[in-house]
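Owing to the predicted nature of the structure, the values given are computational and were not obtained by experimental measurement. All values below come from the heavy atoms of this structure, side chains included, with hydrogens, waters and symmetry mates left out. Here is the naming used below: chain letters follow the sequence lines, and residue numbers restart at 1 for every chain.
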Number of protein chains: 2
Amino acid sequence: MRIPILKLHDYLLITIQWELDDQTALQFQEDLLDKIHETGAKGIVIDLTSVDMIDSFIAKVLGDVVNMSNLMGAKVVLTGIQPAVAITLIDLGISMRTVPTALDLEQGLDKLQQELGS
Amino acid sequence: MRIPILKLHDYLLITIQWELDDQTALQFQEDLLDKIHETGAKGIVIDLTSVDMIDSFIAKVLGDVVNMSNLMGAKVVLTGIQPAVAITLIDLGISMRTVPTALDLEQGLDKLQQELGS
């Protein structure tokens, strides 16, 4: 199972609409980095609205994806973080302090456009 | 397995990035109609770029989804139809004559905005 990645102009949009298992999360990490390389995307919105909770492995993969994308020159905005997901991320010390967040996909895109100054 | 449906302003965006099996296609039909009802979306772009071929059942479901969405008041644009998919649709007599199509997601969104006059 793979998570679809939508390309829209300079952005990649991802909505995760089910609980991630370890294999899917790693596949997603690989697919996203490939897609950044392939499209030259400048910004990424990852929407987690439908994810009710995450375990420590998925939280780590998510933190890694953000850092790796930033390294490749793409800005990441996370949207729709649910209470339990926020708790897990903070409890595990996954540093998302520098990651912009927003309520939903639309606001995430707005934020991305602000951050990228376009 | 479910196909994620992204809501962006008045539009729903769907990208199908693997071959559909019968169950997934029917689940998608149900999910999409529910989402139209829930969000009041005016336009839908279904991107088929990664679908290399479809069988007669999936072709019928796809035609049905378009007609059902139109009935509910949402305009559908299909994008990225591959040669083999075009052949199957025409061979099966699935009437897509009134359905706007476009090359990719960006052009599909532009077309939708034209059609909806916004």
Peer 1: Leu48(A), Ile87(A): one ILVMFWY side-chain cluster at the under-4.5 Å cut-off?
Peer 2: no
Peer 1: So which N and O atoms of chain A and chain B form donor-acceptor pairs under 3.5 Å?
Peer 2:
unit_1: Ile5(A); atom_1: N; unit_2: Gln17(B); atom_2: OE1; d: 3.1
unit_1: Ile5(A); atom_1: O; unit_2: Gln17(B); atom_2: NE2; d: 3.0
unit_1: Lys7(A); atom_1: NZ; unit_2: Glu106(B); atom_2: OE2; d: 2.7
unit_1: His9(A); atom_1: N; unit_2: Glu106(B); atom_2: OE2; d: 2.7
unit_1: Gln17(A); atom_1: OE1; unit_2: Ile5(B); atom_2: N; d: 3.1
unit_1: Gln17(A); atom_1: NE2; unit_2: Ile5(B); atom_2: O; d: 3.1
unit_1: Glu106(A); atom_1: OE2; unit_2: Lys7(B); atom_2: NZ; d: 2.7
unit_1: Glu106(A); atom_1: OE2; unit_2: His9(B); atom_2: N; d: 2.7

Peer 1: Mark yes when over 12 heavy atoms from residues, nucleotides or ligands other than Met72(A) sit less than 6.0 Å from its CE; otherwise mark no.
Peer 2: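 More than 12 heavy atoms, drawn from other residues, nucleotides or ligands, come within 6.0 Å of this atom.
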Peer 1: Would you say Ile14(B) and Leu6(A) make side-chain contact, with heavy atoms under 4.5 Å?
Peer 2: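 Sidechains of Leu6(A) and Ile14(B): no contact.
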Peer 1: Could you see if Phe57(B) belongs to whatever hydrophobic cluster contains Val65(B)? Use Ile, Leu, Val, Met, Phe, Trp, Tyr and a side-chain cutoff under 4.5 Å.
Peer 2: yes
Peer 1: Tell me, side chain or backbone of Ile3(B) under 4.5 Å from chain A's heavy atoms, or both, or neither?
Peer 2: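 Contact with chain A: backbone only.
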Peer 1: Please determine whether residues Leu116(B) and Leu8(A) belong to a single hydrophobic cluster, defined as Ile, Leu, Val, Met, Phe, Trp and Tyr linked transitively by side-chain heavy-atom distances below 4.5 Å.
Peer 2: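 Yes, one cluster joins them.
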Peer 1: Taking everything shown except Leu92(B) itself, do over 12 heavy atoms lie less than 6.0 Å from its CG?
Peer 2: yes
